[in-house]
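Notes follow once the structure below has been shown.
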Amino acid sequence: MKIDSKSPIPIYVQLKEKLKYAIETSKISPGDQLPTVRQMAVDLKINLNTVRKVYHELEDEGYISTRQGKGTFVVGIPERAVNDINNQQIMEELLENALIQGYALGFNSSEIINMLKSKIK
């Protein structure tokens, strides 16, 4: 896992999103133990409190669980996140179908985008 210290995206957001992505794509599985806060901070060369904040937020969201004296473990994808992922996939399919139909009707990409923008307003 790499963190870009020159990115305009805050370091804690980068780390949190990378960990969530790894869990959601099964790169890290339920039951896997995460490095300690200290070890993660050393490995990534970032502040200990940054890692602590990320772990705390991920625990609050249900992705991980800390067991006193045992470590921090991946719980899995919270039900809410599963629903969000499923909803995103459904929306992407709907948009893809709309694009296919728009192209079939003879509209180009800019015309379709302009129509979508006008509907959003």
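Since we're looking at a predicted model, the values are computed, not measured.
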By side-chain hydrogen bond (donor to acceptor under 3.5 Å, both in side chains), Glu92 pairs with (sequence neighbours left out) Gln88

Pair up each side-chain donor or acceptor in residues 6-15 with any protein partner under 3.5 Å, not counting sequence neighbours, and list the distances.
unit_1: Ser7; atom_1: OG; unit_2: Ile9; atom_2: N; d: 3.0
unit_1: Gln14; atom_1: OE1; unit_2: Asp4; atom_2: N; d: 2.9
unit_1: Gln14; atom_1: NE2; unit_2: Asp4; atom_2: O; d: 2.9
unit_1: Gln14; atom_1: NE2; unit_2: Ile9; atom_2: O; d: 2.9

dist Gln33:CD -> Ile64:CD1 (nearest 0.5 Å) comes out at 11.5 Å

Check your understanding: Is a side-chain donor-acceptor pair under 3.5 Å present for Tyr63 with Glu24?
Key -> yes

Residues pairing under salt bridge (charged side-chain N to carboxylate O under 4.0 Å, His left out) where one sits in residues 59-75, two or more places apart or in two chains, turn out to be Lys16-Glu61, Lys20-Glu61

All N/O donor-acceptor pairs, side-chain side in residues 44-55, below 3.5 Å, sequence neighbours left out:
unit_1: Asn47; atom_1: OD1; unit_2: Asn49; atom_2: N; d: 2.6
unit_1: Asn49; atom_1: OD1; unit_2: Arg52; atom_2: NH1; d: 2.7
unit_1: Tyr55; atom_1: OH; unit_2: Pro35; atom_2: O; d: 2.7

Heavy atoms of Pro30 and Gly76 approach each other most closely as CG-CA, 3.9 Å

Counting only heavy atoms from other residues, nucleotides and ligands, does the tally under 6.0 Å from CZ of Phe73 exceed 12? yes

Separation between OG1 (Thr72) and NE2 (His56), nearest 0.5 Å, reads 12.5 Å

So the side-chain hydrogen bond (donor to acceptor under 3.5 Å, both in side chains) pairs with at least one residue in residues 93-105 (sequence neighbours excluded) are Tyr103-Ser109

Query raised in the report: Between Leu94 and Ile100, is there a shared hydrophobic cluster once you connect ILVMFWY residues whose side-chain heavy atoms come closer than 4.5 Å?
Result: no

So OG of Ser65 and CG of Leu58: to nearest 0.5 Å the spacing works out to 12.0 Å

Under 3.5 Å donor-acceptor, Lys27 side chain and Tyr21 backbone | no

Connected to Val75, directly or through other members, by ILVMFWY side-chain contacts below 4.5 Å are none

Taken in chain and number order and not counting sequence neighbours, the residues that satisfy side chain to side chain contact (heavy atoms under 4.5 Å, CB included) with Ser29 are Asp32

Show me the donor-acceptor pairs within less than 3.5 Å that the side chains of residues 111-121 make with the rest of the protein, sequence neighbours left out.
unit_1: Glu111; atom_1: OE1; unit_2: Asn108; atom_2: N; d: 2.8
unit_1: Asn114; atom_1: ND2; unit_2: Ser110; atom_2: O; d: 3.2
unit_1: Ser118; atom_1: OG; unit_2: Met115; atom_2: O; d: 2.8

